[in-house]
Number of protein chains: 2
Amino acid sequence: MNATIAVVEDEEDILELIEYHLEKEGYESIGFLSTKNLSSVLEEEKIDLLIMDRNLPGTEGSEFVAALRAKGINTPVIYLTAKNKESDIEEGFVSGGDDYITKPFNIKELMLRIKALLKRTQTNTTEGCLRYRDITLNLGSREVHIEETPIDLTKLEFDLLCTLINNQNIVLSREYLLDHVWGTDEIFQDRTVNVAINRLKEKIDPDKSKEYIKTVRGVGYTLC
Amino acid sequence: MNATIAVVEDEEDILELIEYHLEKEGYESIGFLSTKNLSSVLEEEKIDLLIMDRNLPGTEGSEFVAALRAKGINTPVIYLTAKNKESDIEEGFVSGGDDYITKPFNIKELMLRIKALLKRTQTNTTEGCLRYRDITLNLGSREVHIEETPIDLTKLEFDLLCTLINNQNIVLSREYLLDHVWGTDEIFQDRTVNVAINRLKEKIDPDKSKEYIKTVRGVGYTLC
DNA sequence: ACCCCTTGTGATTTTATTATAACACAAGAT
DNA sequence: ATCTTGTGTTATAATAAAATCACAAGGGGT
């Protein structure tokens, strides 16, 4: 779920510094000392952001990016460079860079620019997630994953699970669940909740090994 | 068609300098010496970008932006400031800034950052192509291609597809679609959306083999 | 004015979901 | 041990939702 960031920098200690900070911030990082092998990785792996030194031996970083764009690869790029003459800045932006930072740079500023850029480009995939143990609910896409494997839930099951997660450690009565998940107007039987809970259990824990949902006899159900 | 940019800067000569260059680049510019009146303009006019000094007398620029975001106004912001301590940079980004440039600044770099930021934010509204899998929408000519073969879509179908692509992985309710694709004033029935979606499906995937649009029962439709 | 295209709505069919009933089982209570 | 009560399970019926079809009311364009 975390963003994956590729870094191209020929100075090894700077590369290590950046990778260290990226991982500290929780990103996946892949370092390169040159643009060699980079193309194939960008095409095959899901890279969310590219940090590119422009003063590479051999190919100019910006030429490389221009070639990427021509191939239809639109990974956002932050340039990292010692150059700061106007013409260089311009060239960097023109060839499809999304941001630009000059050496010597403040590592914290770089991290913040990364964060800001990812926020813009990653739209809504990471936000709005509810988690419980190894279950992840994406509220926007309404996708449910258990340890990376997707699970199909109906609207009712999804809403029910949301309510349970949002009230962890609280035992929810059938009456409460009928009110909050089903809606207030119509009247249903308490049994209805049982069956819905069981169907949900069956989907999220078919082997009955995880015991996500605990039933509290005479009261209701809870997640703890 | 040209972007409209609002500039807030209390030093009159700097404000004039920026406005001069903005207009030279072909943007519409609106200058402000303080955040007074700015809110109403942002709400009423279509402002594509806000350039904001943070060292304003009275309100802090970043506080003002935070307030904007709280109101749901998401105009992109470039901060312009003499401050450069880490904590200030951080505060600027956190409160919803999209870029940050410190005084004394290179006016050309500012122009380039403006261009880059507009490119990122305006892609989906004005120029360029939208892509989804093998579908390409040309937003200017409103042409649609699926793997090089052209497809004829009506205005409604085109707008609907745009909205779906711009909200990939998010399940859009019929209500949301009626609001955003049809427009707010008139009232239509939910099933109107069904029919429009089906007509769109029929055009972009007559054999029903691609399954571009997924219907999420009880919720709405999504593209994933 | 005419025709054609678009599109909103009604009617109908098809599908998926879910409420309920009926039964089975387990844990306490008597 | 047996009865009672609550819950799990399964099957079936009811229902809600969506797809599909058909038609008619606008809206442009010629």
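Owing to the predicted nature of the structure, the values given are computational and were not obtained by experimental measurement. In what follows, every chain begins at residue 1, and chains take the letters A, B, ... in the order their sequences are listed.
Here the range on DNA chain D touched by chain B, meaning any atom under 4.0 Å from one of its heavy atoms, is D:dA16 to D:dT20.
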Pairs under 3.5 angstrom only: tabulate donor-acceptor contacts from the side chains of residues 144-151 of chain B to other protein residues two or more places apart or in another chain.
unit_1, atom_1, unit_2, atom_2, d
B:H145, ND1, B:E148, O, 3.4
B:T149, OG1, B:I146, O, 2.7

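We find that CG of A:L178 is positioned 13 Å from P of C:dT18, with the value rounded to whole Å. Between the CG atom of A:N194 and the P atom of C:dT18 there is a distance of 16 Å, given to the nearest Å. The CD atom of A:E202 sits 16 Å away from the P atom of C:dT18 (whole-angstrom rounding).
Put simply, OG1 on B:T75 and CG on B:D48 are 8.5 Å apart, with the number rounded to the nearest 0.5 Å.
Using modelled atom types, one finds no donor on one side chain facing an acceptor on the other under 3.5 Å when comparing B:Y132 with B:N166. Checking B:S141 against B:E143 by side-chain atom types alone, a donor-acceptor pair falls below 3.5 Å.
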Extract from the structure each pairing of a protein N or O with an N or O of nucleotides 6-10 of chain C at less than 3.5 Å, listing the distance.
unit_1, atom_1, unit_2, atom_2, d
C:dT7, OP1, B:L156, N, 3.4
C:dT7, OP2, B:T154, OG1, 2.5
C:dG8, OP1, B:W182, NE1, 3.1
C:dG8, OP2, B:W182, NE1, 3.0
C:dG8, N7, B:R199, NH2, 2.8
C:dG8, O6, B:R199, NH1, 3.4
C:dG8, O6, B:R199, NH2, 3.4
C:dT9, OP2, B:Q189, N, 3.2
C:dT9, OP2, B:T192, OG1, 2.8
C:dG10, OP2, B:Q189, OE1, 3.3
C:dG10, OP2, B:Q189, NE2, 2.9

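Using a 4.5 Å cut-off on side-chain heavy atoms (C-beta onward), A:R133 and A:K210 make contact.
With respect to A:T222, the side chain to side chain contact (heavy atoms under 4.5 Å, CB included) criterion is satisfied by exactly one of A:T215, A:V171, A:L164, A:N169: A:V171. When B:K201, B:K203, B:R142 are each tested for a salt bridge (Lys or Arg N to Asp or Glu O under 4.0 Å) with B:E157, only one passes: B:K203.
Sparse packing is recorded around CD of A:E175, with 12 or fewer heavy atoms of other residues, nucleotides or ligands lying under 6.0 Å away.
The 5' end of DNA chain C is approached more closely, in terms of each residue's nearest nucleotide, by A:D190 than by the other of A:D190 and A:R217. When each of B:G220 and A:N198 is assigned the nucleotide of DNA chain D with its nearest heavy atom, A:N198 is the one assigned upstream, toward the 5' end.
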